[in-house]
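Below is one structure, written out as structure tokens, with a few remarks after it.
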Amino acid sequence: MSRSARTRALTNIGTLVTNDPGLGEGVLGVRRDAAIVFEDGVVAWVGNSADAPAADAGHDLGGRAVLPGFVESHSHLVFAGERAEEFAARMSGEKYAAGGIRTTIEATRAASDEQLAANVRRLLDESRRSGSTTVEIKSGYGQCTRDELRSVQIASRFTDEVTLLAAHVPPPEYAGRADEYVTMAVDEMIPACAPHAKWIDVFCERGAFTLEQSRAVLRAGVAHGLIPRVHGNQLGEGPGVQLAVEMGAASVDHVTYVNQADIDALAGSSTVATLLPGADFSTRNQYPGARALLAAGVTVALGADCNPGTCYTTSLPFCIAIAVRDMHMTPAEAVWAATAGGARALQREDVGSLRIGARADAIALDAPSYLHLAYRPGVPLVREVWKDGVLA
Ligand code: NIG
Ligand code: FE
């Protein structure tokens, strides 16, 4: 490897997670006493610390753990206002209902572009501090062409992973007329917004959109070059998982209430099951059955699902801790799901691992091993974040 002004060696790493089984132990490809070299924003070399090649700049990790940056594949960051009172009422026994989304639609429509962009920036900074180096951002709190369009345009200033959540909940002016809303979305909103997005998403759930309505929205998105993803099976059993598989969706997200046919369908597909335990935590819902999904061979991702209604956290370390403690995922499974799993859900091969040639997106923990992410819940362990080889 050439020694140029652009190389940086991270040495004396206590535990390095590469997610490349060819580079170390197990599915996480773990190496001890390791070093990694970044060159021009990508991973150029991985090996023993003692063998690290000379680089232009060195950085001694002092025995700390280094992991790939988290890949956050599910977040709703374009919104205004907050719903702390709704959360408090839920904690006193009220049930979550999708209708709460309308409160945020009203606030989002009333906000300026600058206010919305400032909120996205604030939440992305927060998410970066907890280790997320790739973040998908959804629209979905406009639910009319004007406000969905500005939502995807604002999101696209911050990420390449923009999702048009064209059908989140029928807005107030379409109350009781969800079919007409879908017709408007198909004829007008999706064609207008598609040039600014990569993904099309729907909330296929009782109280939101039916199977037929959701399918129509996804098909219109596909016709305009978008790739489907689905919010499904969050609040009860339903057709979301099967629709996602039928449409060849990149992922179906939540997957909290599934039956064996849903699990079998996912196992026989390329659709990732993205579990969002932060939402189940903050709605006091049951947690997804991660063990059954993993046992069937389903690819599982973990997302934080930051949104003002069901889950106002940006922290994937928090979700990893829940996944381990309450969903019985091993720490290795949970870390894989929040890194490589998120990358699969976004159909990205350049992030989510520290294999040679991957983007130099990495985090250093104030801990000797990735195990501490679940072992020390609630502690801000992410000490350094490297994005494209540069300390962020
Ligand atoms: O992922 N499930 C639908 N959408 C969000 C919740 C949105 C809200 O309540 O504002 C979710 O949980
Ligand atoms: Fe969501």
Side-chain angles (χ1 to χ4, degrees), residues 72-90 94-109 111 116 119 123 127 135-143 147-148 151 155 161-172 199-209 213-214 217 228-236 238-241 243-244 249-257 272-288 301-314 316 319 322 342 345-346:
E72 169 58 273
S73 63
H74 187 131
S75 75
H76 305 249
L77 305 188
V78 191
F79 68 85
E82 45 97 355
R83 284 153 54 198
E85 297 295 337
E86 183 188 308
F87 170 77
R90 269 203 310 275
E94 245 164 66
K95 228 175 140 38
Y96 173 74
I101 295 168
R102 292 196 188 95
T103 311
T104 304
I105 292 176
E106 199 182 320
T108 303
R109 286 177 174 181
L116 293 175
N119 206 31
L123 292 167
S127 156
V135 180
E136 177 261 17
I137 302 178
K138 298 175 196 301
S139 67
Y141 291 113
Q143 303 295 277
D147 292 292
E148 287 301 317
S151 296
E161 303 298 340
V162 176
T163 300
L164 172 62
L165 177 45
H168 200 181
V169 83
W199 309 99
I200 179 82
D201 196 352
V202 288
F203 188 16
C204 181
E205 192 89 37
R206 196 184 298 268
F209 293 91
Q213 291 162 348
S214 301
V217 168
R229 35 200 334 112
V230 175
H231 276 76
N233 303 63
Q234 175 184 10
L235 307 174
V241 166
L243 174 65
S251 74
V252 55
D253 300 36
H254 288 289
V255 196
T256 305
Y257 294 90
V272 173
T274 300
L275 312 183
L276 307 170
D280 303 306
F281 177 91
S282 291
T283 53
R284 219 173 246 148
N285 198 6
Q286 71 176 50
Y287 288 113
L302 276 177
D305 191 15
C306 178
N307 75 78
T310 60
C311 188
Y312 203 1
T313 184
T314 47
L316 272 163
C319 298
I322 302 176
L346 293 176

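Read the numbers this way: they start at 1 and go in the same order the structure lists the ligands and their atoms. The analysis underlying the following values was restricted to heavy atoms, covering all of them including side chains, and did not include hydrogens, waters or symmetry mates. Note that the structure is a prediction, hence the values are computed from the model and not measured.
- The structure places OG1 of T108 at 11.0 Å from CD1 of I101, a figure rounded to the nearest 0.5 Å.
- In summary, no N, O or S atom of H254 is located under 2.8 Å from the Fe ion (ligand 2).
- Closest to the Fe ion (ligand 2) among the N, O or S atoms of D305 is OD1.
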Are R102 and E106 close enough, and set up right, to give a salt bridge (Lys or Arg N to Asp or Glu O under 4.0 Å), and what steps lead you there? CA-CA 6 Å; R102 292 196 188 95; E106 199 182 320; over 6 Å; no
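- Ordered by chain and residue number, the residues placing a heavy atom less than 4.0 Å from ligand 1 are H74, H76, R83, Y96, I101, Y141, H168, F203, H231, Q234, H254, D305, N307, G309, T310.
- For Y312, the ring pair (Phe, Tyr, Trp, His ring centres under 6.0 Å) partners at least two apart in sequence or on another chain are F79.
- A distance-only check finds no donor-acceptor pair linking the side chain of T256 to the backbone of Y287 [under 3.5 Å].
- Expressed to the nearest 10°, the angle at the Fe ion (ligand 2) joining NE2 in H74 with NE2 in H231 is 90°.
- In this model, a donor atom of one side chain and an acceptor atom of the other lie less than 3.5 Å apart for H74 and H231.
- Judged by distance alone, with hydrogens and angles left aside, the side-chain atoms of D305 form no donor-acceptor pair with the main-chain N or O of L276 at under 3.5 Å.
- Side-chain N or O atoms of R109 include one that pairs as donor or acceptor with a backbone N or O of G142 at under 3.5 Å.
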